[in-house]
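Presented below is the structure to which this report refers.
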Amino acid sequence: MTNAEKSAGTAAPVVALEHARKSFGNVEVLHDISLSVAPGEVVAIIGPSGGGKSTLLRCLTLLERLDDGDLSYEDVTVARGGTYGDKSALAQARARFGLVFQNYNLFPHFSVLRNVIDAPVCVQRRDHAEVEAEARALLAKMGLAGNEDKVPCQLSGGQQQRASIARALAMHPQIVYFDEPTSALDPELTAEVLRVIKQLAAENMTLVIVTHEMGFAREVADRVIFMDGGVIVEEGPADQVIDRPREARTRAFLAQREA
């Protein structure tokens, strides 16, 4: 039994989304999506391009607003029926999660260290010395010791992505979202980043990962969600969804990945 399974019956979900809908113009890209993530659970979201995966992540992280549906982070209600709470509620929700983008989104003119410490100091108003000590420890954990004073362009893509993971962790999030974190990397650098995410999963962090790496999803995820056409087609344990999919659309997608 996973840690997530053990806690699911006793703890509220870290995030809960119910009956979510999102359209761009006349195109509905999320159709009645419901999901929740338990503390310590690792969820991988797979599916074809245009299936709604990244839009789902953007709605969960408040980068896009739902047209309808409910969203909450534990006791913080973000939206009910597509109507959003006040600034205080949104700020509380944003403090609960971290987000790692596929293209790093580091501040190019900041040093690596400043990229990590800026938000905890400026947004959370934490003590600078404490944050800096923690940031240096996080960068060392990410294999970036000695790179603190470099700017992002002096790092490889894999190093930049590991710095962005350190930046997300520095905010002490309850859940970390990854939006195809290796899509911009070559295979060697991909392996570097996936090792870091596996380590976080082993430390019982709550993670939601949009990924095209099927082997990685099978190895690290407690649950896999397959999305296509803006709906959740299938979800379940990683080995079941990837190795023994029940739905024809899931089987067709995985067959294309193997071709």
Side-chain angles (χ1 to χ4, degrees), residues 42 44-46 49-50 53-64 94-173 175-203 205 207-217 220:
V42 179
I45 304 176
I46 64 173
S49 297
K53 307 184 302 297
S54 289
T55 299
L56 172 61
L57 230 60
R58 290 180 65 83
C59 289
L60 288 169
T61 57
L62 313 188
L63 294 174
E64 298 284 354
R94 289 189 178 98
R96 305 291 176 98
F97 61 78
L99 175 59
V100 177
F101 299 88
Q102 56 185 292
N103 292 318
Y104 329 132
N105 278 30
L106 297 168
F107 293 112
H109 56 294
F110 283 4
S111 68
V112 171
L113 182 63
R114 187 176 173 190
N115 263 285
V116 176
I117 70 175
D118 189 64
V121 170
C122 296
V123 177
Q124 296 180 330
R125 304 297 183 187
R126 289 162 52 197
D127 177 74
H128 191 286
E130 174 190 319
V131 171
E132 180 173 338
E134 184 178 303
R136 290 183 183 277
L138 279 170
L139 289 169
K141 181 179 179 178
M142 297 295 123
L144 293 170
N147 292 280
E148 294 88 350
D149 296 328
K150 293 181 179 179
V151 292
C153 67
Q154 294 176 299
L155 304 182
S156 70
Q159 289 174 320
Q160 290 186 62
Q161 191 60 293
R162 284 181 278 143
S164 72
I165 294 172
R167 179 181 61 183
L169 296 177
M171 297 291 284
H172 296 172
I175 183 171
V176 181
Y177 297 100
F178 294 84
D179 187 7
E180 299 198 19
T182 61
S183 64
L185 304 176
D186 65 31
E188 182 177 352
L189 299 180
T190 290
E192 292 178 7
V193 173
L194 295 184
R195 277 195 297 270
V196 168
I197 300 174
K198 288 177 186 176
Q199 181 183 356
L200 298 179
E203 295 171 1
M205 289 205 67
L207 309 175
V208 174
I209 309 159
V210 172
T211 184
H212 57 273
E213 301 283 345
M214 296 301 109
F216 169 71
V220 77

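- When side chains are defined from C-beta on, Glu148 does not count as touching Val112, because their heavy atoms never get closer than 4.5 Å.
- Phe178 is not listed as a side-chain neighbour of Thr211, based on a closest heavy-atom distance of 4.5 Å or more.
- Atom CG in Leu139 sits 10.5 Å away from atom CZ in Arg162 (nearest 0.5 Å).
- Heavy-atom minimum distance, Pro181 versus Ile209: CD-CG2, 4.3 Å.
- Between the CZ atom in Phe216 and the CD1 atom in Ile46 there is a gap of 12.5 Å [rounded to 0.5 Å].
- When every heavy atom of Thr190 is checked against every heavy atom of Leu185, the shortest pair comes out as OG1-O, 3.4 Å.
- Using a 4.5 Å cut-off on side-chain heavy atoms (C-beta onward), Met171 and Pro120 make contact.
- Screening Gln161, Arg167, Gln160 against Ser164 for a side chain to side chain donor-acceptor pair (under 3.5 Å) leaves a single residue, Gln161.
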### Query
For Leu169 and Leu200, what are the C-alpha separation, side-chain angles and deciding distance, and is it a side-chain contact (heavy atoms from CB on, under 4.5 Å)?
CA-CA 10 Å; Leu169 296 177; Leu200 298 179; 3.8 Å; yes
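- The closest donor-acceptor contact from the side chain of Ser111 to the backbone of Arg114 lies under 3.5 Å.
- Atom SG of residue Cys122 and atom CD1 of residue Ile117 lie 8.5 Å apart, to the nearest 0.5 angstrom.
- Here the CG-SG distance, from Leu106 to Cys153, works out to 11.0 Å after rounding to the nearest 0.5 Å.
- Atom CD1 of Ile45 sits about 6.0 Å away from atom CG of Leu57, to the nearest 0.5 Å.
- Taking the six-membered ring where the residue is Trp, His109 and Phe107 present perpendicular rings, their angle passing 60° and hence far from 30°.
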Worksheet item: Please walk me through it: do Ile165 and Lys141 pass side-chain contact (heavy atoms from CB on, under 4.5 Å)?
Response: CA-CA 11 Å; Ile165 294 172; Lys141 181 179 179 178; over 6 Å; no
(request) Test side-chain contact (heavy atoms from CB on, under 4.5 Å) on Val123 and Arg94 and set out the steps. (result) CA-CA 11 Å; Val123 177; Arg94 289 189 178 98; over 6 Å; no
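- A pairwise comparison of heavy atoms in Val116 and Ala163 identifies CG2-O, 4.1 Å as the closest pair.
- Across Val220 and Ala201, no two heavy atoms sit closer than the pair CG2-CB, 3.4 Å.
- Checking side-chain atoms of Glu132 against main-chain N and O of Ala129 turns up no donor-acceptor pair under 3.5 Å.
- Considering all non-hydrogen atoms of both residues, Ala168 and Pro173 come closest at O-CD, 3.3 Å.
- In this structure, Thr61 OG1 and Arg96 CZ are separated by 15.5 Å, a value rounded to the nearest 0.5 Å.
- Listed for the Arg58 side chain is no donor-acceptor partner under 3.5 Å among the backbone atoms of Glu64.
- Contact check for Leu99 versus Leu63: side-chain heavy atoms found under the 4.5 Å cut-off.
- Residues Arg126 and Gln124 share a closest heavy-atom pair of NH1-OE1, 2.9 Å.
- Heavy atoms from other residues, nucleotides or ligands lying under 6.0 Å from CD of Glu203 number more than 12.
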